[in-house]
Amino acid sequence: MSHGHSPRCSECDTTAVFLDREHARHLCAAHFSEYIEDQVLATITEQELVPPGSRMAVALSGGKDSSVLLFLLNRLRDRLGITDLVAVTVDEGIAGYRDETMEAAGSLCQGLRIPSICISFNERFGETLDQMLVGREHRACSYCGTFRKRLLEEGARRAGASLMATGHCLDDEVQAAAMNVLRADIGRITRELPDKGRGPFIPRIKPLSGLMGREVALYAMLSGLYTELPECPYTPHALRAEVRGILNHLERDRPGAMRLMMQNYGSFRECMRRKAPSLPLGRCLQCGAPASGESCRVCTLLREGSAGSEVRESQPLHR
Amino acid sequence: MQVRFSGGKTEEVTFREGTVEDLLNHIGINPVEVIVSRSGAIIPDDTWLYENDEVLITRIVHGG
């Protein structure tokens, strides 16, 4: 087996594991990990995302992104003044997929000695995601995202958290931005950012939002956090999968394209916000959760799902 | 060249020599979507590969 040209780390001249295309440099495992930790710390401190004394809930699916998030926040907790970390895991009920990721989430919490709360779609809504989606698989992400967000909020409240962190990386953010523009979803584009404490919600922060998905994956591998997990069976139905492919091609041909797009989206968003300010939040008439109309998204989808049978309502979240 | 993929599949690919990126382009994989190792060690995209190298291509799996 040959080992001809092996690139060397630009910092210390040892064997490199990563080519940083944007900055045209190589990094070894140690310098790459240091770079990732510095980036996350910079995102948090520059945007003042974590007030000292925070009791933080971390949305943990068991996949690489949320696992890296929990691992890094645990590592940085003293420097950030985080008093407590609690993992919140939602079991959507996806056969052949979720069991393995749930197991990975449980093992990580056990290894890091971090308490966790787990809530399932089945216990909360009386059905698994698989059952909800029969005949409407193409809407998997709408259903899953809406209900999961609600349960994460409930889990964070149950944990007494003052803040909730999610593992969205730069790729996720750019994909969401592109989909908002494709759908001309002005409501989402102009919505106040949740890290500013949008209305009655627990403020949500995204400490990995400055990192490419590939960087997060590599950090997970180098830190022993990467487990080969199955892909969500609903991915082929998702618009996001197509958008992701297009954006990844752009990133391959123009390194840094995603970062630039996200910066430009921020300016676009500000401009749109001035032209179309977001509506103030009221309360859902069915469950009392925050809503921009008479009915929150959760109750709307639950009604849709039970069309023809007795209409269910979600349990009150806010009293 | 013998190429293993995460998930267990192995393929024999005609590739004499070139960079990791050349190999990935040759087999139609976007480098942004994978991480490549040789003999258990993760390697950057501009690492030079030879015909008798054994590489593992790990696809970075995302949710929906």
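Bear in mind that the values here come from a model prediction, so they are computed numbers and not experimental data. All chains are named by letter (A, B, ...) in the order of the sequence lines, taking the proteins before the strands, and each is independently numbered beginning at 1.
- Heavy atoms of Thr58(B) lying under 4.5 Å from chain A belong exclusively to its side chain.
- For Ile42(B), the parts lying under 4.5 angstrom from a heavy atom of chain A are both the backbone and the side chain.
- Other residues, nucleotides and ligands place no more than 12 heavy atoms under 6.0 Å from the CZ atom of Arg4(B).
- Heavy-atom neighbours of chain A within the stretch residues 15-26 of chain B, taken at a separation under 4.5 angstrom, comprise Glu21(B), Asn25(B).
- Side-chain contact of Asp20(A) with Tyr35(A): a donor-acceptor pair under 3.5 Å is absent, judged by distance alone.
- For the residue pair Tyr143(A)/Glu92(A), the side-chain donor-acceptor check at 3.5 Å is not satisfied.
- Side chains of Ser6(A) and Thr15(A): a donor-acceptor N/O pair is absent below 3.5 angstrom, by distance only.
- Looking only at side-chain heavy atoms (C-beta outward), Glu103(A) and Asp99(A) stay at 4.5 Å or farther from each other.
- Once rounded to the nearest 0.5 Å, the distance linking OG1 of Thr101(A) with CD1 of Ile94(A) reads 7.5 Å.
- Looking at residues two or more places apart in sequence or on another chain, you find a salt bridge (Lys or Arg N to Asp or Glu O under 4.0 Å) between Glu11(B) and Lys9(B).
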